[in-house]
Amino acid sequence: MRRWPPARRSDRMFAATLVFVLWGSAAALITCRLAQSSRQVHAPVWSALVTALCGLNAQLLSPLRLLTGGGLLTAAGLTWLLVWLSVGRPKCDLRTATAKAWRTTAARLRHPIAKLGWSGLSGLTALLGFLGLAFLNHPAGDLYHLQMPHYWVQHQSIAPFHAPNGRVTAFAFVTQTLRVPFLLYAGVDWVHLLLCASALTGLAMTIRELARRLGATASVATATALVTVSCTPFATALAYGALDSLLGALWFSGSVLLLLPERKDLHDPDPGRREHRGTVPATPGQRALPGRVPLSIFLACMAFGAKNTFVLMAPLYAIALLILVPLRVLRAQLARCTVAAGVGLVASGVVWNYTANLLFHGDPRGPAVIVAHMADLSPLSIWTRLGRGVATLLDPTWLPMSARPAWSSISRTLLEALGAARSLADDQGYYTFVADRIPFRLCLGPAGPLLLAPALAAGALVASGRMRPPTATHAKTQGDGRRASGALLLLGCGGFVVCHGLLRWQPIGLYRLMLPTIAVAGALVAHLLRRRSLYALALALYAGNLILLSAMYLGLAGRKHDLTDPVSRRLRRLQRDHSRQVTIETPAQPPRPITIRERYSKRELYERLMGTLPAPLSIGVIAGPNSEAYYAAGPDKRNRLVPLVGAGGASLLPDAAARAHSLDIIVVEDTAPRARQTLQHQGIQLEQLFRATAENAEPLLRAYRVKPGRNDPERLPDDG
């Protein structure tokens, strides 16, 4: 078998850290130069600038196939030097700012309860706990997020190439390039969980500041942020490592925050005082500074490039921009706004991806497997998808097993009452709505119907003038509060309508694609929490949500690692049995039945296969769009993955036989049952190494050794 060269001495963790330090310091110089941005928006602005520099470096290196260790480090160093020469001496003293931030952090750590409050301290504790659970369950799903940087490292480029999953090259890539240094130098991919946790922390801080701009007190704003980010899609994004969703939500909420006027509260009450109801006197807020509008547009464009579905929010953002910013300011800043939009679209990879898709796939939207996400736009079809979104607002994961059939019946009754059709022309294959299996862990959870939906109604009352904003003691402040609430209401309700109206229904739900909408609309919960009863309800929902999510992810970790302690056994008994009987066949042993713990994943099968093979290897992959061939890369990611099928995995590539001659083994998932015979007809000699079949003889995973020589097609056995 072919042996790949050992890792070089430069492939270490410190090199990846150095690259990030260069990007981070360059982004800090630019952020300090933007003196008009307040400290509350430093997190989204700085993270967007770091990611933009990373994306630009990747775009510059890829055409020359220089996305290597030396190339990336050189590009990061030149980027830092160019920024330093362009920006010059920053307006703020970095040393003084760093020392001040350290003193503030140390003071808060000395008195965490007094400074953070019980809600803030519980939020920090919950984040650390879920980060630990994410490490235990890593990787939990959506493996194409992890396959992207692995393929890019082996190709030394992000340029389009054939891959079973079209999302590897056809989707916006900018957030995935943040993982490249750690995989390139150190061969690890768990660092992205730390990036996800940082993005979720920044998102909670941004939502808190959005609530503050609406007039909420500090305690109410903190509770609003905690309740919002405890909605199930955010916890799922952290567990699955969906960095693109979390960063996109952070940047979009930051772009809206830049447009809202600042409040100048006279004092900052805690939840125990009488000012909790929101009667804090306030001076008129300052309207959005003109210099912040281009920065807001830049953040919005970065959010649109983080995930392809987020671009659906672009028209709504444009309307919100017109609501919050006077036309005279937009006319005066037109040139800067145009430049900011262009920089954001280029740095986020939107221009790169649409151009690459047009050249490689013949369609700027990407291959057919991605274009298929767009739905039928007939009125009945749109109304039916909206009804499905309403019916699945509450995640039934929190219901007992005995109550779930009744909940499915209620959902069907609700859809019929809304006038939705029982089935649509879009309901084919993957895009099928099954009322008996409402999507789990991917809806809003308890906070959705109990807090978020009423908050939209409260936002409508404030925007219409029927309810006064919390700190509206001045006519100008009242007008600013109504405009801000109206803009957030538009983004929240409009995002729901646009997403469910344009995208085909997916069995795992659409709320996971709406993180910017949920984040921005969640700030409206602050209008409700002025009442102590609702404030207590929100904290109770938050605590209950944490307990249920913790039990769920602890159960997943116990199943994955086969934990046998009493707590893990009890948690696993509370959950559905996911075990499966599989028959394993190898040349050295006859067929034997085994039990795998995770029916929904081939992880255990890949681990059994790779445990018998030396590394590094060159492995051919024949699989579909949601392939789990990521596990074939090995624990240290030294194995090279070579796709033999195109996007969608429907058929072998024209040059599959030529590629196969240089491979060590070929793995075939259940999506291509006759791939072996097809390759053998093309002259490739294969020897079976591993075969796994389900109870009904369904093929799950097979592996073949590539042998030298050519076959006689007339004497080939049937693949079965």
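All values below were derived from every heavy atom in this structure, side-chain atoms included, with hydrogens, water molecules and symmetry-related copies excluded.
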Does a donor on one side chain sit under 3.5 Å from an acceptor on the other, for [X] and [Y]?
X	Y	result
His527	Ser485	yes
Ser296	Tyr317	yes
Thr392	Arg388	no

What is the distance from atom [atom1] of [X] to atom [atom2] of [Y], rounded to the nearest 0.5 Å?
X	Y	atom1	atom2	result
Leu322	Leu327	CG	CG	6.5 Å
Ser533	Leu528	OG	CG	10.0 Å
Leu246	Ser198	CG	OG	10.5 Å
Ser253	Leu203	OG	CG	5.0 Å
Asn353	Leu345	CG	CG	11.5 Å
Leu250	Met205	CG	CE	9.5 Å

Which atoms form the tightest heavy-atom contact between [X] and [Y], and what is the distance?
X	Y	value
Arg512	Pro233	CA-CB, 4.3 Å
Ala225	Ala204	CB-O, 3.3 Å
Met313	Thr517	SD-OG1, 3.3 Å
Pro364	Tyr354	O-CD2, 3.0 Å
Leu529	Tyr535	O-CB, 3.8 Å
Leu488	Val520	CD2-CG1, 3.1 Å

Would you indicate whether the side-chain heavy atoms of [Y] and [X] approach each other to under 4.5 Å?
X	Y	value
His192	His145	no
Leu312	Leu503	yes
Val350	Cys301	no
Tyr553	Leu548	no
Trp46	Ile30	no
Val45	Leu295	yes
Leu321	Ile297	yes
Arg336	Val339	no

* Aromatic rings Phe252 and Phe304: how do their planes relate, parallel, tilted or perpendicular, breaks at 30° and 60°? -> tilted
Look only at the side chain of [X] and the backbone of [Y], and say whether a donor-acceptor pair between them is shorter than 3.5 Å.
X	Y	value
Trp23	Thr51	no
Thr228	Thr224	yes
Arg213	Leu257	yes
Asp244	Lys307	no
Arg292	Leu259	no
Arg385	Gly501	yes

* To do: Measure from the ring center of His500 to the ring center of Tyr511 and say whether it is less than 6.0 Å.
  => yes
* **Working for side-chain contact (heavy atoms from CB on, under 4.5 Å), residues Leu456 and Cys493** => CA-CA 8 Å; Leu456 295 175; Cys493 295; 4.0 Å; yes
* Quick one: do Phe173 and Trp352 satisfy side-chain contact (heavy atoms from CB on, under 4.5 Å)? Show the steps, please. => CA-CA 9 Å; Phe173 65 87; Trp352 172 283; 3.6 Å; yes
* Just do the side-chain contact (heavy atoms from CB on, under 4.5 Å) check on Leu194 and Leu131 with the steps written out, would you? => CA-CA 8 Å; Leu194 297 178; Leu131 182 60; 3.9 Å; yes
* Before giving the answer on side-chain contact (heavy atoms from CB on, under 4.5 Å), spell out for Val525 and Val220 the whole-Å C-alpha distance, their side-chain angles and the decisive distance to 0.1 Å. => CA-CA 9 Å; Val525 175; Val220 168; over 6 Å; no
